[in-house]
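Just so it is clear: chains get the letters A, B, ... in the order the sequence lines come, proteins before strands, and each one is counted from 1.
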Protein chains: 2
Amino acid sequence: MTEIKPFNSTEYMNHISLDCVIFGFNNNELKVLLLHLKYSKENTLPGGFLKYDETLEQAAQRIVKERTGLDNLFLKQFKVFSDPERSRSNKAVMDGIIAGTIPDPSFFENRFITVGFYALVDFLKVKPTPDFYSDHCDWVSLNTELSMLLDHKQIIQEAIVTLRLQLNQQPIGLKLLPEKFTMPELQKLYETILGRDLDRRNFQRKMLNYNILDKLQERKTGGAHKSPYLYSFNVERYQEALKDGLSGIW
Amino acid sequence: MTEIKPFNSTEYMNHISLDCVIFGFNNNELKVLLLHLKYSKENTLPGGFLKYDETLEQAAQRIVKERTGLDNLFLKQFKVFSDPERSRSNKAVMDGIIAGTIPDPSFFENRFITVGFYALVDFLKVKPTPDFYSDHCDWVSLNTELSMLLDHKQIIQEAIVTLRLQLNQQPIGLKLLPEKFTMPELQKLYETILGRDLDRRNFQRKMLNYNILDKLQERKTGGAHKSPYLYSFNVERYQEALKDGLSGIW
DNA sequence: TCAAAAGTGTTGCAGCTACACCCATGT
DNA sequence: ACATGGGTGTAGCTGCAACACTTTTGA
């Protein structure tokens, strides 16, 4: 039997933020949309605060729309980051961000719990848009070594791990690639997410056996060498196949 | 470029709670540890609030320890539930829970964001302990039809889905079963989580091929019929195997 | 002694791995 | 013409599904 304690409202209140890892695939590289802060010159994930009357999912859609211009994106929460020191220990950094830009900078002295979301977007449809604190908003390749605000680097890492684990449960290819794409492009995407090379021919056979791709008559022209066929996802069959997971074991 | 707005501290503050789905396996059934409320006569998940200086993981350990007596359990966050109506729309219910029991019942009129955790415990080691609001704390089979507080039924459902998806990535068998167990028991656990029957002989071969089990000399006696061998997990090999996932596809 | 549960085997097929070979294209 | 990348094919192995048979136990 636990003792009873009076609740004090503010003692139990917390600030909830969201950070969105927006993935795009372009030029055979997996990229993340980042903001570059005016004052501290560091990179941050697009983020924001949860409003009192919205769900986290709605907040994430709102945040991502402001940076990309796109509605109704594929978004999933993947982890909550709640270390009490994750924001408090960086007051100096926060000061750098907000110096002279907001009326009540003491706001950032609070503890923040942040919910990590990842978004999968069609790279070419995005119009990167900076916010008030940033001088620009750009796609950055994951191969690039970056200086990131707070624990944002760790958040990106966790997002990638999640992507890898969910590769057979979520429509990752469908959401990251344009309508039409080539088999080598799809393969490169898988290789990037998995972090290792795959056999070209076995990959193709396996993908086709899933029966989730439509082979188009067109070929991709312009590049050097033999022109590859274009494919597109068959959305119904893809969604259907994902219910059990692609190549589910049990 | 987004317009700048002054931040108002409390406008952006939220109440964060945790709800823990504590799984145990006994008598060939998957069970969940639930509290039964004194006033409303409903069942709830063990839960609590995040304190200002702890991580969510620490809070979850604290909450689970109070109900089970056990330290250092296997705990994982699986989803945040943030629908603004999830708690507000149930003020009447909340009144029922707290009637006359706490000094500031208006506390429960607030909106609550709750983080769902699941815990895997060795059924026999747990000493179920009710809290102040509950008259008892018991294991309940998942086959039982239950009347649950708020969205707690949905939280349990989501926990089970997560368990199913993570069956090959997390040490689920290791944490839910006692030191020594029989192959039929392990199989029953898998069947319960997966929601369907598996072939006895193929299951055994597959499990043994993972090379994560040690076959003991002892057999389980007492039951009717032929006495089955006892097995135990080889922890190092199990953890090693999980790094790539059991039978990883890619 | 017999029903029910557990241990052990076998066979055929599907899918994967690891390759070789041919074709198309721009320089 | 040739280097490079893309399309297609095949042999062998592994592992799984779907089965049958034997062994042990308590009632």
Side-chain angles (χ1 to χ4, degrees), chain A residues 25 27-29 167-168 173 177-178 180-192 194-232 237 241-242 244-250, chain B residues 27-29 167-168 173 177-178 180-192 194-232 237 241 244-250:
Chain A
F25 191 67
N27 197 24
N28 272 346
E29 284 183 302
L167 195 52
N168 290 316
L177 292 169
K180 301 172 184 180
F181 53 89
T182 68
M183 194 59 81
E185 285 165 352
L186 180 60
Q187 184 182 343
K188 198 69 194 167
L189 173 59
Y190 270 68
E191 289 178 335
T192 307
L194 293 169
R196 64 193 173 78
D197 290 348
L198 301 169
D199 184 278
R200 189 171 59 88
R201 297 148 287 191
N202 295 333
F203 177 83
Q204 177 157 54
R205 187 185 5 259
K206 191 163 176 172
M207 268 297 157
L208 293 178
N209 282 343
Y210 284 148
N211 203 27
I212 58 173
L213 296 179
D214 290 331
K215 184 174 185 170
L216 307 178
Q217 289 314 308
E218 308 169 67
R219 288 157 165 261
K220 177 169 190 158
T221 56
H225 319 304
K226 184 170 181 176
S227 60
Y229 284 101
L230 287 168
Y231 293 84
S232 64
R237 286 206 299 268
L242 286 177
D244 302 317
L246 298 177
S247 290
I249 305 286
W250 289 99
Chain B
N27 198 22
N28 273 346
E29 284 183 301
L167 196 53
N168 290 318
L177 291 169
K180 300 171 183 180
F181 52 90
T182 67
M183 194 60 82
E185 285 167 352
L186 181 60
Q187 183 182 341
K188 197 69 195 166
L189 173 58
Y190 270 68
E191 289 179 334
T192 306
L194 294 169
R196 62 193 175 80
D197 291 348
L198 301 170
D199 183 278
R200 189 171 61 85
R201 298 147 288 191
N202 294 333
F203 177 83
Q204 177 157 54
R205 188 188 1 262
K206 192 162 173 173
M207 268 297 158
L208 292 177
N209 282 344
Y210 285 148
N211 202 27
I212 58 174
L213 296 179
D214 291 332
K215 184 174 186 172
L216 308 178
Q217 287 316 308
E218 306 169 67
R219 286 156 166 262
K220 177 168 191 160
T221 56
H225 320 303
K226 183 169 182 176
S227 60
Y229 284 101
L230 287 169
Y231 293 84
S232 65
R237 285 207 298 269
D244 302 317
L246 299 177
S247 289
I249 306 284
W250 288 99

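For B/Asn28 and C/dA5, the CG to C1' distance is 13 Å, given to the nearest whole Å. What separates CD of B/Gln204 from P of C/dT8 is a distance of 7 Å, to the nearest Å. Across the protein-nucleic acid pair, A/Asn202 atom CG and C/dG15 atom P stand 14 Å apart, rounded to whole Å. Summarising the geometry, the separation between CD on B/Gln187 and P on C/dA6 is reported as 9 Å, rounded to the nearest angstrom. Rounded to whole Å, atom P of C/dA18 lies 17 Å from atom CZ of A/Phe203. Rounded to an integer number of Å, the gap from CE of B/Met183 to P of D/dT23 is 21 Å. To the nearest angstrom, P of C/dT17 lies 12 Å from CG of A/Asn209. One interatomic measurement links the two molecules: NZ of A/Lys206 to P of C/dA14, which rounds to 17 Å at whole-angstrom precision.
B/Tyr229 OH to B/Glu218 CD: the interatomic distance, rounded to the nearest 0.5 Å, is 12.0 Å. Atom CE of A/Met183 sits about 11.5 Å away from atom CZ of A/Arg205, to the nearest 0.5 Å.
No hydrogens or angles were tested; on distance alone, a donor-acceptor pair under 3.5 Å links the side chain of A/Arg201 to the base of C/dA20.
Between A/Tyr210 and A/His225, the residue anchored nearer the 5' end of DNA chain C, judged by the nucleotide with its closest heavy atom, is A/Tyr210. Ranked by how close their nearest DNA chain C nucleotide is to the 5' end, A/Arg200 and A/Gly223 are led by A/Arg200. DNA chain D is contacted by both B/Arg219 and A/Ala224; A/Ala224 maps to the nucleotide lying nearer its 5′ end (nearest heavy atom per residue).
The side chain of B/Lys215 places an N or O atom within less than 4.0 Å of a non-bridging phosphate oxygen (OP1 or OP2) of C/dT8. At least one side-chain nitrogen or oxygen of B/Ser227 sits closer than 4.0 Å to the OP1 or OP2 atom of D/dT25.
Considering only the side chain of A/Lys226, C/dC23 comes nearest among C/dC23, D/dT8, C/dA5.
Using cut-offs of 30° and 60° for the angle between ring planes, the A/Trp250 and B/Phe203 rings count as tilted.
Within the 4.5 Å cutoff, the side chain of B/Arg237 has heavy atoms near those of the B/Asp214 side chain.
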Step by step, would you call A/Asn168 with A/Ser247 a side-chain contact (heavy atoms from CB on, under 4.5 Å)?
CA-CA 8 Å; A/Asn168 290 316; A/Ser247 290; 5.9 Å; no
